[in-house]
2 protein chains.
Amino acid sequence: MSSPKSESPKLNKGQQTKALILETALELFRERGYEQTTMRDIAEKANVALGNTYYYFRSKEHLIQGFYQRTQEELLVASTPILEKERSLKARLLGVMKARFELIEPYHQFAGVLFRTAGDPKSPLNPFSAESLELRKQNTAIFEQVLQGARLRIAIPKDLYAELPNLLWIYQMGVILFWIHDKSPNRIRTHQLIEHTVDITAKLIAIASVPLMKPLIKKTLNLLATFREDLNNLLPSSNPDLELDELDELDELDELDELDELDELGKSLKVTKPLKTE
Amino acid sequence: MSSPKSESPKLNKGQQTKALILETALELFRERGYEQTTMRDIAEKANVALGNTYYYFRSKEHLIQGFYQRTQEELLVASTPILEKERSLKARLLGVMKARFELIEPYHQFAGVLFRTAGDPKSPLNPFSAESLELRKQNTAIFEQVLQGARLRIAIPKDLYAELPNLLWIYQMGVILFWIHDKSPNRIRTHQLIEHTVDITAKLIAIASVPLMKPLIKKTLNLLATFREDLNNLLPSSNPDLELDELDELDELDELDELDELDELGKSLKVTKPLKTE
DNA sequence: AAAATGTTTTGAACGTGTTCAAAATATGTA
DNA sequence: TACATATTTTGAACACGTTCAAAACATTTT
């Protein structure tokens, strides 16, 4: 009675139970929501002891990471045909966004928790936490693909281009926040929101790519860079002044800088294409 | 032994206990943080029965609303001298932002909860909830004041002006999110972030006020309007298509619209002041 | 095969947020 | 003052997330 059935029995027994528990949990979450599902419910339905669930998932919240993982993988699959077909940035972004929200739709009623812990530095679900780093990477990677295959009218400056996946990720989080609160039938509003904001986003990217937007963009990007460092490193205390010194160089403008930059913007735009009459 | 001490004994007994409980709770929160403080701790220290705390505060989370209320009032006071003194938008915004974060600094260690529930539609702490509507109003009102007294070089279009307090409120929420995660000594990083983003924000407002940014701004504002309606009304289902129809009119541009708008932007900017040589 | 070691599973017990019926107290009325 | 009613306070009980020592089971070593 050796094992003809399961591949590697060493790795398997545990993994099987773990999968079973996650499966059961997600099923119950979908059915009755997160708070309405108790750990005892999950254990009972999965036919394991209560304590066993804690052997595989450090906490109830950790079960949600399983959900993240799952839909992330599904999104990768669903995006492929879109990214192969579409060439305009707008269409590519729209396609990916739509795919994402179709995927998570069944989980709408328990989506609250996704964001509930988003701001808690102690929570493992916090998107900035070390534990979710990997997932966040995969997530922004999709936006990288969106950009990479896009045919653009104006070249996006390199520095902006590098940061855009992260910015798009933030944009996506914003839409998720809206989706969670969206009570319209079939979440139509969210889909409308996506259609319009994708458009606006594409336009903003174009505007930001105009050469003379450069100083402002550069300053903003520098800021973002240090911002992200703070969150990624999570060093309790680390030379907090260093990186921003560079920023200050950019900042050596007097009170008049607002108008000055606008002038520059104007100068830059003069050289763009001839206008069509309005 | 009638009451020479307390004003109106009818309203008072209860209110007094309520205040006592809140006071005690905030004290403990400051000392050891939110999760480390149990309702039993609070009750014991306040010398009331456990159940009594629930007579005045529907849940542990509801105690936090007391905190919000408190600092909101304090911010109003702290802002007055700044708004009386400063005239530039940048300085006014900077002053108010700094005041806010100085106020909440003592509560940093339990700030996680502030945001933890921000995304949960069911939570009373959710900033979009009916329960926090009043507070949110007071909050944006401060930003209104920031704008109202500011001397501006370029007039902000009316529609944008009307929405700006809400946008600044969102900006503030973003900074709070950073602050929560900020582990630098004395939260220097947050203060640096504020100084730089306030600057950027002022510039963005100026850019957005350029006449030929109008179409994009208008579209964005319309979108925001319906977005906020959704959140405010919280109607389970309400003619979800109506308002966005207007938006679509603005959207009747073909594939080329990105460049078109950029051209318009250029056209508009030609008429601004002469440039200084670079 | 027996013993040693490693992995998985168990369920009782604990802490904490929350509920609730009953008691205590205050206020209004005759 | 005595009774009725409303408000406030009490603490026991409950539900659920979580912990942990011990049991059951699997694998490796001798």
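Only a predicted model underlies this, so the values are computations on that prediction, with no experimental measurement involved. Sequence lines set the chain letters: A, B, ... in the order given, protein chains first and strands last, and positions in each chain run from 1.
Atom C1' of nucleotide D:dC16 and atom CG of A:Asp41 are separated by 10 Å, given to the nearest angstrom. Computed from coordinates, the A:Gln15 CD to C:dT9 P distance equals 11 Å when rounded to whole Å. Rounded to a whole Å, the OH atom of A:Tyr54 is 9 Å from the C1' atom of D:dT19. Per the geometry, CD1 belonging to A:Ile21 stands 9 Å off P belonging to C:dT10, to the nearest Å. Following rounding to the nearest Å, A:Leu63 (CG) and D:dC16 (P) show an atom-to-atom distance of 16 Å. A straight line from CZ of B:Phe57 to C1' of D:dT8 spans 15 Å, rounded to a whole angstrom. Rounded to a whole Å, the NE2 atom of A:His62 is 13 Å from the C1' atom of D:dT18. Computed from coordinates, the B:Lys18 NZ to D:dT7 P distance equals 15 Å when rounded to whole Å.
Distances shown here put a side-chain N or O of A:Asn52 below 4.0 Å from the OP1 or OP2 atom of C:dT10. Using a 4.0 Å cut-off, some side-chain N or O of A:Thr17 falls inside it from OP1 or OP2 of C:dT9.
Among the atoms of the strands shown, only primed sugar atoms or phosphate atoms (P, OP1, OP2) are found under 4.0 Å from some heavy atom of A:Thr37. Using a 4.0 Å heavy-atom criterion, one finds that B:Tyr56 contacts the sugar-phosphate atoms exclusively.
Judged purely by distance below 3.5 Å, without hydrogens or angles, the side chains of B:Asp182 and B:Thr190 pair a donor atom with an acceptor atom.
The six-membered or imidazole ring of A:Tyr107 lies away from that of A:Phe29, with a centre-to-centre distance of 6.0 Å or more.
Take the nearest nucleotide of DNA chain C for A:Asn47 and for B:Thr53: the residue whose nucleotide is more 5' is A:Asn47. Mapping B:Arg40 and A:Lys60 onto DNA chain D by nearest heavy atom places B:Arg40 closer to the 5' end of the strand.
Side chain of B:Tyr55, nearest nucleotide from D:dC16, C:dT18, D:dT7: D:dT7. Closest to the side chain of B:Ala49, from the set D:dG17, C:dG11, D:dG11, is D:dG11. Minimum atom distance to the side chain of A:Leu50 is reached by C:dA13, of the listed D:dT9, C:dA13, C:dT18. Checked against C:dT16, D:dT18, D:dG17, the side chain of B:Thr38 finds its nearest nucleotide in C:dT16.
Relative to the ring axis of A:Tyr54, A:Lys60 does not place its NZ or CZ within 45° and under 6.0 Å from the centre.
Classification of A:Glu23 and A:Lys45 as a salt-bridged pair fails, no side-chain N sitting under 4.0 Å from a carboxylate O.
Summarising the local packing, CD of A:Glu31 is surrounded by more than 12 heavy atoms from other residues, nucleotides or ligands at distances under 6.0 Å.
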